[in-house]
Amino acid sequence: MIYADYNATAPVRPEAKAAMLAALEVGANPSSVHGPGRAARKLLETARAQVALAIGARAQDVIFTSGGTEASALALNGVVAQLEGKCTLLVSAIEHEAVIKNAGYAGVPVETAYVTADGVLDLDWLRERLARWDHDQDGTPLLALMMANNETGVLQPVADAATLVREAGGLTHCDAVQGLGKVMVNVNLLGVDYLALSAHKVGGPQGVGALWVRSGAPLKPVLFGGGQERSLRSGTENLSGIAGFGAATEAAIRDMSKLQALSSLRDAMEAKLVQEAGVTVFGKGVDRLPQTSNFAIAGFRAETQVMAMDLAGVAVSSGSACSSGKVKRSLVLSAMGVSDDLSESAIRVSFGWDSKAEDFHAVAEAWLAAAKRALGTAA
Ligand code: PLP
């Protein structure tokens, strides 16, 4: 099987497996004061340092969570709670559902921040909206802008947007789940206040993530209990998962240049699909993640493509992972103004740390063969 669905989950790296097994051997609670507890604490803090180093942060500002979804839920609800609801959320139209839905349930007004046809946040719209911000009525602006889109891979102008928001007296949350290990993620250069990460996108286990919080930024906990994670996220930490997250993150940063080099193989694959079948590649004209490709040809439904590729031994996805398998139009492509016909035919191919050059070729061949059978148009 050729696996080309890294944006859904990357296979677990050997370094992460080893770290997880070592952590399971410890078998103690990191909050316990005895020797085994201190050994567990040491592993926890090692992982915290590894994650912090990867994003240019201080270890004490990293809070472990159960994943990217919980990290964004904590950021959005935690700010709203601390500001006692005196804020308005500006949520980019292409955010992951983890952000869009948590924003929707946060109990404060939510406005959509528009994107251009390339899928990039419209900075002019943001500038204009902030210029007419009424602090008495709207409260503090809180922007949610992802680093890289999970479907198209399109990179967002996070640093520029965060500057505008900061100048307007607001706060910025960045979902960097798809950015880590693929492009540089540095909280200082980004100038954001909160940043969400997830282990399973970098070759760590599923069910572990982190929220980085700028020192002094407003945040109230949303889970209460034993006071772990500086009382910002109670509950005994998932030690083996966190150890795997730390090791995977370290390996992902070490291997980042190899991952970035995949862009030439991705581009060659896309060029072949364009030339031989006339596919439309989304976000092609702007900066994208190096290993993601989202393309479509009208009339060849995404789920048919995914099934045909699966039968050919190639694992890809239609749209985002959460909507795979369901016949659901992509909100991301709709926000970019893509027609329904084309959007229903879009598939996402994403590669990663264990991808080989021949995988790109195999994906192109499998897709062209499936398209030829279905449409009779491809070579
Ligand atoms: N944000 C983005 C951009 C994602 O791609 C995902 C995963 O699909 C998430 C958040 C959710 O992360 P997790 O699965 O760790 O909750």
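Because the structure is a prediction, the values reported are computed rather than measured. Order of listing sets the numbers, starting from 1, for every ligand and every atom in it. Values reported hereafter were calculated over all heavy atoms of this structure, with side chains retained and with hydrogens, waters and symmetry mates removed.
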task = Give a yes or no on whether a salt bridge exists between D124 and R127, defined as a side-chain N under 4.0 angstrom from a carboxylate O.
result = yes
query = What atoms of ligand 1 come within less than 4.0 Å of a heavy atom belonging to M146?
reply = 3 (C)
query = N/O to N/O below 3.5 Å, does that happen between G68 and ligand 1?
reply = yes
remark   = If we number the atoms of ligand 1 from 1 as shown, the ones under 4.0 Å from a heavy atom of G67 are 15 (O)
task = Looking only at non-hydrogen atoms, find the nearest pair between Q260 and V183 and report the distance.
result = NE2-CA, 3.8 Å
message = Quick one about Q206 and T9 (side-chain donor to acceptor, distance below 3.5 Å, no hydrogens or angles considered), yes or no?
response = yes
note = Closest heavy-atom approach to atom 2 (C) of ligand 1 among N150, D175, T9, V99 is made by D175
query = Hey, what's the ring geometry for F360 with F351, parallel, tilted or perpendicular (30° and 60° as the breaks)?
reply = parallel
ask   = Could a heavy atom of E95 be found less than 4.0 Å from some atom of ligand 1?
value = no
ask   = Which ligand 1 atoms are under 4.0 Å away from a heavy-atom of K201?
value = 5 (O), 6 (C), 7 (C), 8 (O)
message = Looking only at distances, can you tell me whether any N or O atom of H96, backbone or side chain, sits closer than 3.5 Å to an N or O atom of ligand 1?
response = yes
request  = May I ask you to decide whether K372 forms a salt bridge with E276, counting only side-chain N to carboxylate O separations under 4.0 Å?
outcome  = no
key: Expected output: side-chain N7 to main-chain T292 donor-acceptor under 3.5 Å   = no
note = Short version for V177: what comes under 4.0 Å of ligand 1, heavy atoms counted, is side chain
ask   = For residues N238 and S66, is any side-chain donor paired with an opposing acceptor at under 3.5 Å?
value = no
remark   = ligand 1 atoms nearer than 4.0 angstrom to some heavy atom of T69 are 11 (C), 12 (O), 13 (P), 16 (O)
inquiry  = Applying a heavy-atom cut-off of 4.0 Å, say which part of H200 lies close to ligand 1: side chain, backbone, both or neither.
reply    = side chain
